[in-house]
Number of protein chains: 2
Amino acid sequence: MNVLLVEDEPRVADFIDRGLRAENHGVTVASSGSEGVDLAKTGEFDVIVLDLMLPDMHGYEVCQKLRQEGDHTPILMLTAMDALEDKIKGLKVGADDYLTKPFDFDELLARIEALVRRSHHFAPQSHVLQVGDLVLDRELLEVRRGDDPIKLTAKELAILELLMSAPGRVFSRTRILNQVWGYSEDPLTNVVDVYIARLRRKIDTPGREPLLDTVRGHGYRLKAAG
Amino acid sequence: MNVLLVEDEPRVADFIDRGLRAENHGVTVASSGSEGVDLAKTGEFDVIVLDLMLPDMHGYEVCQKLRQEGDHTPILMLTAMDALEDKIKGLKVGADDYLTKPFDFDELLARIEALVRRSHHFAPQSHVLQVGDLVLDRELLEVRRGDDPIKLTAKELAILELLMSAPGRVFSRTRILNQVWGYSEDPLTNVVDVYIARLRRKIDTPGREPLLDTVRGHGYRLKAAG
DNA sequence: AATTGCCTGTCAGTTGCTTGTCAGGGATAA
DNA sequence: TTATCCCTGACAAGCAACTGACAGGCAATT
């Protein structure tokens, strides 16, 4: 995931930057409002984390400007104050969520991911996912590779659904544990590895082109088309 | 079932989203009225859950717009106030039901399902259902597999009718209890299992291709054609 | 009233699958 | 080489589903 962080305080920026990178997210930092607006225009971000107190302009303005220009990238506001009016005003000018400093990094992460997940829902979501000749029908709870039906257990299906939701993207073990098992911290287990192996045995049967890819040191992904 | 959720408050949206997905419903979220109208036009939703307080326009307008355009998808309104006038006005502009915040998720689910069930009754419905060589005549209350007539009890028939109403779709025990027994919550019984077994004994007699399928962890379904 | 037959729902024993842990061996990067 | 990181076969515990047996209830019949 690609995050634009608009924050002028180096300490805070650095803290968030590191944390997000550790989760395999791409981060770009802008240290002023105008820089933030310019970068946002490139349209390559999945989410914008926006501090309200900026040197050149107020966060509200950044927010407003982007929305006026038709940019619907989800925005998470960071406010140092916890005055209700700020939050309300922020939401009015087009922010999607807010977080009050000081905040817990895990909460920031959770909100960011929730925002992105939600924004992806905007695209009316087909109940059929497809990667190469691998097809997952969420409604019928059915998986096929080419014409061959594949029987998966509940956990296997959940993992595959997660991977297929963003083909080509790398999912860390932590992330998978998070989404499929609901664990918020790493319980020092290798279940994910085990389940990936089981999925491989069912999906990447010998003779087929392997789809389930290991990215050493980072996690797993499904090969994107091509 | 496919639900369009028009709700701008992220927390509420997320709450409902998760809950419905847990019930295997497809959910698409719109966070503004205009977005909701656009998505509704795709016509792929069974029901619309509509918050009244939206950033760009009032829920009434959304409702009115859709009805004027001839869209009859059932609409469930969510209102933060419990003023009677709001409800009345909502129903006047074409909503089918309302629910006052804060609400119980189970109640929301029940209403949604009730709405959909009702709207499906309007769709002209054949009195003969067929899956493979299995035929159910609702008028004559007769069931045949190929040329062999099958005698079913009332409950067996009700379950079979439910399953045949959407071949290939998975019905959870809870859903079956709901539709056939009218239970609104799980009374910790295994009647459904028992009746499925009885149905199997009558329908999937040895030598025939089994039609009644168990999806472990989810429920039961009739094999779709093919 | 009593009898009979069927429908219905509960229960408990069994079976088979799913799940998560672990340890040993392979693969890969430095 | 060495240190990680990853893969995978084996296994035990726990569950979910299946099914035969049974008891109560209802309705038709005697």
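All values below come from the heavy atoms of this structure, side chains included, with hydrogens, waters and symmetry mates left out. A, B, ... follow the sequence lines: proteins, then strands. Residue 1 opens every chain.
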For [N] and [X] - does any side-chain N or O of the residue sit under 4.0 Å from the phosphate oxygens OP1/OP2?
X        : N      : value
A:Thr214 : D:dC7  : yes
A:Tyr220 : D:dC7  : yes
A:Trp181 : C:dT19 : no

Nearest whole angstrom, please: distance from the [atom2] of [N] to the [atom1] of [X].
X        : N      : atom1 : atom2 : result
B:His218 : D:dC15 : NE2   : C1'   : 14 Å
B:Arg173 : D:dC18 : CZ    : P     : 7 Å
A:Lys151 : D:dA17 : NZ    : C1'   : 12 Å
A:Asp213 : C:dT28 : CG    : P     : 12 Å
B:Ile159 : C:dC7  : CD1   : C1'   : 13 Å
B:Leu212 : D:dC18 : CG    : P     : 9 Å
B:Leu188 : C:dC11 : CG    : P     : 10 Å
A:Leu199 : D:dT8  : CG    : C1'   : 14 Å

query: Contact class for A:Arg200 (heavy atom, under 4.0 Å): base, sugar-phosphate, or nothing?
result: sugar-phosphate
query: When all nucleic acid strands are considered with a 4.0 Å heavy-atom cut-off, which category describes B:Arg198: base, sugar-phosphate, or nothing?
result: base
message: I'd like to know if the side chain of A:Arg200 and the backbone of A:Leu212 have a donor-acceptor N/O pair within less than 3.5 Å.
response: yes
- request: Output every pair passing ring pair (Phe, Tyr, Trp, His ring centres under 6.0 Å) with a member in residues 190-217 of chain A, not counting sequence neighbours, ordered by first then second residue.
  value: A:Trp181-A:Tyr195
message: Does anything in residues 4-26 of chain B form a ring pair (Phe, Tyr, Trp, His ring centres under 6.0 Å)? List the pairs, not counting sequence neighbours.
response: B:Phe15-B:Phe105
field: Electrostatic pair A:Arg144:A:Asp133 at N-O distance under 4.0 angstrom
entry: no
message: Taking B:Glu161 first and then B:Arg138, would you say they form a salt bridge - that is, a charged N and a carboxylate O separated by under 4.0 Å?
response: yes
query: So does B:Arg201 reach the base of D:dT19 with its side chain, donor to acceptor, closer than 3.5 Å?
result: no
message: What I want to check is whether the side chains of B:Arg208 and B:Thr205 have a donor and an acceptor closer together than 3.5 Å.
response: yes
task: Under 4.0 Å from any atom of DNA chain D, heavy atoms only: list the residues of residues 189-197 of chain A that qualify, in numerical order.
output: A:Asn190, A:Asp193, A:Val194, A:Ala197
query: Is B:Ile48 close to B:Leu39 at the side-chain level, that is, under 4.5 Å between some pair of heavy atoms?
result: no
query: B:Leu152 or A:Lys155: which one's nearest nucleotide on DNA chain C is closer to the 5' end?
result: B:Leu152
